[in-house]
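Chain identifiers are assigned alphabetically (A, B, ...) following the order of the sequence lines, protein sequences preceding nucleic acid strands; residue numbering begins at 1 within each chain. Worth saying up front: this structure is predicted, and the values here are computed from it rather than measured.
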There are 2 protein chains.
Amino acid sequence: MSSKPKVAPFVRPARPRPSLAGIAGLPARDRAYHDLRYRILTGRLAPGTTLLETELAALLSLSRTPVREATIRLAEEGLIDIRPRHGVTVRSLTLNDVRDILDVLSALEIRAVELVAKRGLGPEEHGRLLHMLDRMERLTEAGDIAQWSDMDDDFHSAVAGMCGNGRLLSALDEYWGQQYRPRTMIVPLRPKPTLSNIEHRGIVEALAAGDPEAARLAQQRHRARADQQQLDLLRDRLADGAEGA
Amino acid sequence: MSSKPKVAPFVRPARPRPSLAGIAGLPARDRAYHDLRYRILTGRLAPGTTLLETELAALLSLSRTPVREATIRLAEEGLIDIRPRHGVTVRSLTLNDVRDILDVLSALEIRAVELVAKRGLGPEEHGRLLHMLDRMERLTEAGDIAQWSDMDDDFHSAVAGMCGNGRLLSALDEYWGQQYRPRTMIVPLRPKPTLSNIEHRGIVEALAAGDPEAARLAQQRHRARADQQQLDLLRDRLADGAEGA
DNA sequence: GCGGTCAACAGTGTATACATTAACCGTGAT
DNA sequence: ATCACGGTTAATGTATACACTGTTGACCGC
């Protein structure tokens, strides 16, 4: 039951929360990549941290070769900067960086939602989404914003996962990773996400109705508002003296 | 004179046509990357071509290390497949692949256009775009579809380059590369792009007016129609027995 | 005291050597 | 004849060695 189906599933999970699950058997270069990414996203490697290739290799108990290959990937994803002879530095994002990232991310997510609507929702999928919405509303009432935020990730991830476009999902993953840290930074500042819950319902309705235009509009408005809120909160947080996002 | 300006220009060119200009002084890994990418996009390395790492290294007169680093990048961009112990293979795209790519690309481009409209067009920028439109219309009348197609690239590239979001431009570059080959394949099949020319004018008008919603709509319609046409032509071409896109 | 030049060095970029592992082929049994 | 098993081998994954180049700091001249 818990194992993989024989054919590639039409629906694929996207953007799992940062985790190191299942990297055990992978080649060293992939372990290095996932390990470093995990440390960066969870803050174990704080923004601004600078390490030499040699130090990274020692940290991961590997030689420089796989570590280099991993850092190249991470640099392309925008998580680190490589400055030759100065080491690799964990990127610290400015407000403008976050805005840029969110602009890309929301464009991709809007397209994903359109695609899902174009194909419509199966009953099982619909049920799953509704169930998530219920949970999120209960969490809102209970005031558990942290867990609501995780579920929010899961919800958007679940919807996107139904779009059937693997390249789109990969791109979403990448940019989601880039905004993960600033996003978690402002969780404690969030007000009750009552509006988000309502907007989520609207999105699911449009998806179930198979109406791409309505879905696009709902998703666009939701993201525009939510992203603006995130930027505002982040600005406050940074003004408070928190360093690097 | 020819060197870089002191401050990063606000407008940056995007998606230059495949070229090897200016890779002379770069590190071997970057030369390998650009060289291979160029060969793939221009068809010098045809889809389906398979080469071992050693063979690639010999081809480029380099050792395996920089070649490996280049192939990893190319694989992430979707231009090649790496199958351990079977060599790297130049990807051959199916119609579904192209559709997926265009879905991502158009989503990004729509967002770029929105951003440009949000900030509005300077007089110099406006003039430059209008000038391009004129040229494209003359090329259309002259029936020079090949050159029109190049200018079309340049036009979309120029617009996107004004969006001011570097990450968005990088993503555009990447997906533009993925669709470049199938796009050139169908150039000889294209009808006179009269409609595209009209739509382009509409887009520039919306940009000049600083109306993001109008720009989004114009761009969205343009891409939806043009992409559909491209897919239709490609289907014909593939049905004719052309192998791999 | 300040600025410039040069030399030593550290760190990366590249090449190569070594280990590992999966593909392929041959052999043997059923 | 076909399938299974195992050994061989070739290709990759990883480690290391080497070379090159930018940086840093010291020393000298102004």
Side-chain angles (χ1 to χ4, degrees), chain A residues 4 20 22-40 45 47-92, chain B residues 3-4 6 8 20 22-40 45-92:
Chain A
K4 16 189 132 133
L20 289 179
I23 71 164
L26 273 56
R29 129 179 60 115
D30 295 326
R31 290 203 312 273
Y33 167 78
H34 287 292
D35 193 343
L36 289 176
R37 189 168 195 263
Y38 178 79
R39 292 184 198 226
I40 293 169
L45 279 178
T49 308
T50 293
L51 291 167
L52 299 174
E53 283 189 0
T54 324
E55 297 173 318
L56 273 178
L59 180 66
L60 304 179
S61 308
L62 291 169
S63 77
R64 277 177 51 221
T65 310
V67 170
R68 260 178 79 81
E69 294 177 353
T71 54
I72 292 173
R73 284 181 66 184
L74 291 168
E76 267 161 29
E77 284 182 28
L79 290 179
I80 63 176
D81 280 320
I82 299 179
R83 289 187 315 156
R85 289 162 200 288
H86 292 270
V88 308
T89 304
V90 180
R91 269 227 187 136
S92 142
Chain B
S3 67
K4 16 192 132 142
K6 286 183 207 86
L20 289 179
I23 71 164
L26 273 55
R29 127 178 63 115
D30 295 326
R31 289 203 313 274
Y33 167 78
H34 288 291
D35 193 342
L36 289 175
R37 189 169 196 261
Y38 179 77
R39 292 183 199 227
I40 293 169
L45 279 178
T49 308
T50 294
L51 290 167
L52 299 174
E53 283 188 2
T54 323
E55 296 173 318
L56 273 178
L59 180 67
L60 304 179
S61 309
L62 291 170
S63 75
R64 277 176 52 218
T65 310
V67 170
R68 261 178 78 82
E69 293 177 353
T71 54
I72 291 174
R73 283 183 66 184
L74 292 167
E76 266 161 31
E77 284 182 27
L79 290 179
I80 63 176
D81 280 319
I82 300 178
R83 289 187 314 154
R85 291 168 198 284
H86 292 270
V88 309
T89 304
V90 180
R91 269 226 187 138
S92 144

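Summarising the geometry, the separation between CD1 on B:Ile82 and P on D:dG13 is reported as 8 Å, rounded to the nearest angstrom. Rounded to a whole Å, the NE2 atom of B:His86 is 10 Å from the P atom of D:dT12. In this structure, A:Glu53 atom CD and D:dT16 atom C1' are separated by 14 Å, rounded to whole Å. Note: CG (A:Leu62) to C1' (D:dA15) measures 10 Å, nearest angstrom. Atom P of nucleotide C:dT12 and atom CG of B:Asp30 are separated by 16 Å, given to the nearest angstrom. In this structure, B:Arg31 atom CZ and C:dT14 atom C1' are separated by 10 Å, rounded to whole Å. Per the geometry, CZ belonging to A:Arg83 stands 11 Å off P belonging to C:dT12, to the nearest Å.
Taking a 4.0 Å limit (strictly below) on heavy-atom distances, residues 66-79 of chain A reaches DNA chain D at A:Pro66.
The shortest side-chain heavy-atom distance between A:Leu79 and A:Arg37 falls under the 4.5 Å cut-off. Put simply, the side chain of B:Arg68 does not reach to within 4.5 Å of the side chain of A:Thr65, judged on heavy atoms. Using a 4.5 Å heavy-atom cutoff, the side chains of B:Leu60 and B:Leu36 are in contact. For the pair A:Ile72/B:Arg29, a side-chain contact is recorded, criterion being any heavy-atom separation below 4.5 Å from C-beta on. Taking the side chain as every heavy atom from C-beta outward, A:Arg39 and A:Leu59 approach each other to under 4.5 Å.
In this model, no side-chain donor or acceptor of A:Arg85 finds a partner on the base of C:dG13 within 3.5 Å. Scanning atom types as modelled, no donor and acceptor separated by under 3.5 angstrom connect the side chain of B:Thr54 and the base of D:dA11. One cannot find a donor-acceptor pair under 3.5 Å joining the base of C:dG11 and the side-chain atoms of A:Arg64. Checked by distance alone, A:Arg29 brings no side-chain donor or acceptor within 3.5 Å of a matching partner on the base of D:dT14.
Each of A:Ser61 and B:Val88 has a nearest nucleotide on DNA chain D; the 5'-most of these lies closest to B:Val88. When each of B:Thr65 and A:Pro84 is assigned the nucleotide of DNA chain D with its nearest heavy atom, B:Thr65 is the one assigned upstream, toward the 5' end.
Of the charged side-chain nitrogens involved, at least one lies within less than 4.0 Å of a carboxylate oxygen, so that B:Arg73 and B:Asp30 count as a salt-bridged pair.
Nearest heavy atom pair, residue B:Ile82 against residue B:Pro84, reads O-CD, 3.5 Å.
For A:Pro27, whose side chain is taken as the heavy atoms from C-beta onward, the closest listed nucleotide among D:dT14, C:dT12, C:dG13 is D:dT14.
Close to D:dA15, at under 4.0 Å from its OP1 or OP2, lies a side-chain N or O of A:Ser63.
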